[in-house]
Engineer: 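Pasting a structure below so you can have a look.
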Amino acid sequence: MEIRPILSALLRSKTGAILVALQVAISLAILTNALHIVSVRQAVAARPSGIAGESSVFHIRVRHLVEGSHQEQLARQQAETQALRAIGGVLSAAFVNQTPMSQSGWSSSVAPSRTESDDIPSASMYYSSDSLVKTWGLELAQGRDLKPEDVLDIDGNTAPDDLFPKVVLVTRALADKLWPGAGDAVGKTLYFGTGEGANTATVVGVIGTLQTQGAEVAARGAYSLIVPMRKTFSSTMYAVRSDAGQQERVMKEADAALRASNQGRAIVTSKTVGADREQRYQADLALSWMLIAVSVLLLLITASGIVGMASLWVTQRRKQIGVRRALGARRVDILRYFITENFMITSVGVVGGVLASIALNQLLVSKLEMERLPLAYLVAGAGVFWALGVAAVYGPAWRAASISPATATRSA
């Protein structure tokens, strides 16, 4: 089939063709970037927290109605920890001040020296008097775990600011940020802030990964450290790992055990790591589903536009179609004509859409720090709209091919 007659017919009726091509271009630009954002958001929501077997770990908080002295609070924490460890199905329990992905907690600026810098990162500070490596199932990539003799007991209400443990664990992401290219961060000195008054600690171990309480995007979402410290407050939290499949039962028994340990003078609440993950990434998943809905709607609108325009052209060209049929054109010739015509229009829209996709992605990269759009999305998007164009025009084209020559050439 010659392309020139089709192109000539399109040039005589440019408005409809331009509208369809423009619709394809806009839809392709939005669709590719929307699906890329969905992919990025889904990947972010699926990032490992660092906690192995999240479905077996939960956190339980005790708010004591009677505060007591520092020594009384220490004794109470030890009794509560023993009560948790005595529950059947509990593999490990550890005091902790905050949890990954909880969106609230403690952070501190950390530096490799006392020198002031504009690029000092902020890291989540996880306090514990027990082994979080064991309870959370963290990967210890280098060095050793914290030991009981490393733990410093601090009165959270009256202790001076310069009272601080001398050793810490850091994540690989934080170590790479502070000492790029060092390879082994064990033995390095970490400064909490800058200046002469900054507290210091020696890195004794490196953890593979541990998300911050905010679980930010990119590497800073794993800038975390574990400090061997037990601070006493009126509120205490514990991390608990249970046997697989026993979490719900263990949570109920842990609640009852802590209430009994405090003789009812405490408010006990518990939350799973899965619930923290769901709450933290709720907005990301909602955005993903919204963009998927928008993408499906765009495809339906574009298909409807192609069907409507093709149907209008068939109605307007009934007489010309009848003449061609009378001159010997087969049904397949008429069908191929309309499909080829629509493919040409769609191709113009695809080219424009690819350029618009790149421009829109560049805007998102510069303004919102989004990742660059992979070539695969452009190729897949072009293929989808070419297939959509052929599928959408097939119905009107088949009706055109089914027109009887006598009916089409009959005078109105």
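Just the heavy atoms: all of them, side chains too, but no hydrogens, waters or symmetry mates, feed the values below.
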Engineer: Does a donor on one side chain and an acceptor on the other come within less than 3.5 Å for Ser124 and Ser224?
Structural biologist: no
Engineer: With respect to Val62, which candidate in Leu258, Thr269, Ile267 satisfies the side chain to side chain contact (heavy atoms under 4.5 Å, CB included) definition?
Structural biologist: Leu258
Engineer: Please check if any side-chain donor atom of Asn262 sits under 3.5 Å from a side-chain acceptor atom of Glu80, or the reverse.
Structural biologist: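 Yes, because at least one side-chain N or O of Asn262 sits under 3.5 Å from a partner of the opposite role on Glu80.
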Engineer: Could you pull out the closest heavy-atom pair between Thr32 and Ala29, with the gap in Å?
Structural biologist: OG1-O, 3.3 Å
Engineer: Over all heavy atoms of both residues, which pair between Asp130 and Phe95 is shortest? Give the atoms and the distance, please.
Structural biologist: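 Looking at all heavy atoms of both residues, the shortest contact is OD2-N, 2.9 Å.
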Engineer: Sub-3.5 Å donor-acceptor pair from the side chain of Arg280 to the main-chain atoms of Pro100, do we have one?
Structural biologist: no
Engineer: Is a side-chain N or O of Arg241 found less than 3.5 angstrom from the main chain of Ala52, in a donor-acceptor match?
Structural biologist: yes
Engineer: In terms of relative ring orientation, are Trp136 and Tyr126 parallel, tilted or perpendicular, with 30° and 60° separating the classes?
Structural biologist: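 It falls in the perpendicular class, over 60°.
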Engineer: Are the side chains of Arg61 and Ser235 in contact, using a 4.5 Å heavy-atom criterion?
Structural biologist: yes
Engineer: In a check of side chain to side chain contact (heavy atoms under 4.5 Å, CB included) between Asn33 and each of Leu28, Leu364, Val38, Leu363, which one passes?
Structural biologist: Leu364
Engineer: What are the two closest non-hydrogen atoms of Ala254 and Leu84, and how far apart are they?
Structural biologist: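 Minimum heavy-atom separation between Ala254 and Leu84: CB-CD2, 3.6 Å.
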Engineer: Can you check whether Leu178 reaches Val170 side chain to side chain, under 4.5 Å on heavy atoms?
Structural biologist: no
Engineer: Are Gln213 and Ser107 close enough, and set up right, to give a side chain to side chain donor-acceptor pair (under 3.5 Å), and what steps lead you there?
Structural biologist: CA-CA 9 Å; Gln213 76 272 20; Ser107 295; 3.0 Å; yes
Engineer: Atom CD1 of Ile120 and atom OG of Ser113: how far apart are they, to the nearest 0.5 Å?
Structural biologist: 7.5 Å
Engineer: Would you name the heavy atoms of Ser129 and Arg230 that are closest together and state the gap between them?
Structural biologist: OG-NH1, 3.3 Å
Engineer: For Ser261 and Gln82, does a side-chain donor sit closer than 3.5 Å to a side-chain acceptor?
Structural biologist: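 Absent: no donor and acceptor within the cut-off.
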Engineer: Could you check whether any side-chain N or O of Arg172 sits under 3.5 Å from a backbone N or O of Thr209, counting only pairs where one atom can act as donor and the other as acceptor?
Structural biologist: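 Looks like no, no N/O pair under 3.5 Å.
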Engineer: More than 12 heavy atoms of other residues, nucleotides or ligands under 6.0 Å from CH2 of Trp398: is that the case?
Structural biologist: no
Engineer: When rounded to the nearest 0.5 angstrom, what distance separates CG in Leu174 from NZ in Lys177?
Structural biologist: 10.0 Å
Engineer: Should we count NZ of Lys134 as having more than 12 external heavy atoms under 6.0 Å?
Structural biologist: no
Engineer: When rounded to the nearest 0.5 angstrom, what is the spacing between NZ in Lys147 and OG in Ser131?
Structural biologist: 12.5 Å
Engineer: Nearest 0.5 Å, please: how far is OG1 in Thr232 from CD1 in Ile154?
Structural biologist: 9.0 Å
Engineer: Considering non-hydrogen atoms only, spot the tightest contact between Ile306 and Ala392 and give its length.
Structural biologist: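 Smallest heavy-atom distance, with atoms named: CG2-CB, 3.7 Å.
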Engineer: Quick one: side chains of residues 370-378, donor-acceptor pairs under 3.5 Å with protein atoms, not counting sequence neighbours, listed by atom name and distance.
Structural biologist:
unit_1: Arg372; atom_1: NH1; unit_2: Gln362; atom_2: OE1; d: 2.7
unit_1: Tyr377; atom_1: OH; unit_2: Ser39; atom_2: OG; d: 3.1

Engineer: Going from NZ on Lys166 to CG on Leu190, what distance comes out if it is rounded to the nearest 0.5 angstrom?
Structural biologist: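 Lys166 atom NZ to Leu190 atom CG measures 12.0 Å (nearest 0.5 Å).
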Engineer: Answer yes or no: does atom CD of Gln282 have more than 12 heavy-atom neighbours from other residues, nucleotides or ligands under 6.0 Å?
Structural biologist: no
Engineer: Could you list all the salt bridge (Lys or Arg N to Asp or Glu O under 4.0 Å) pairs where at least one residue sits in residues 42-54, not counting sequence neighbours?
Structural biologist: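 Passing the test, one end in residues 42-54: Glu54-Arg277.
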Engineer: Classify the side-chain pair Glu216/Thr212 by whether it contains a donor and acceptor separated by less than 3.5 Å.
Structural biologist: yes
Engineer: Is there a side-chain contact between Phe385 and Leu299, using heavy atoms and a 4.5 Å cut-off?
Structural biologist: yes
Engineer: Looking at every non-hydrogen atom in both residues, tell me the closest pair between Arg76 and Tyr238 and how far apart they are.
Structural biologist: O-OH, 4.4 Å
Engineer: How about Val393 and Val307: do any of their side-chain heavy atoms sit closer than 4.5 Å?
Structural biologist: no
Engineer: Name the residue from Asn361, Leu360, Val354 that meets the side chain to side chain contact (heavy atoms under 4.5 Å, CB included) definition with Ile358.
Structural biologist: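 Of the listed residues Asn361, Leu360, Val354, the side chain to side chain contact (heavy atoms under 4.5 Å, CB included) partner of Ile358 is Val354.
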Engineer: Side-chain donor-acceptor contacts of residues 287-297 below 3.5 Å, not counting sequence neighbours, with atom names and distances?
Structural biologist:
unit_1: Ser288; atom_1: OG; unit_2: Asp284; atom_2: O; d: 3.0
unit_1: Ser295; atom_1: OG; unit_2: Leu291; atom_2: O; d: 2.8

Engineer: Do Ile51 and Met101 make a side-chain contact, defined as non-hydrogen atoms from C-beta onward lying under 4.5 Å apart?
Structural biologist: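 The answer is no; the side chains never approach within 4.5 Å.
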Engineer: In Å and rounded to the nearest 0.5 Å, what is the NZ to OH distance from Lys231 to Tyr127?
Structural biologist: 4.0 Å
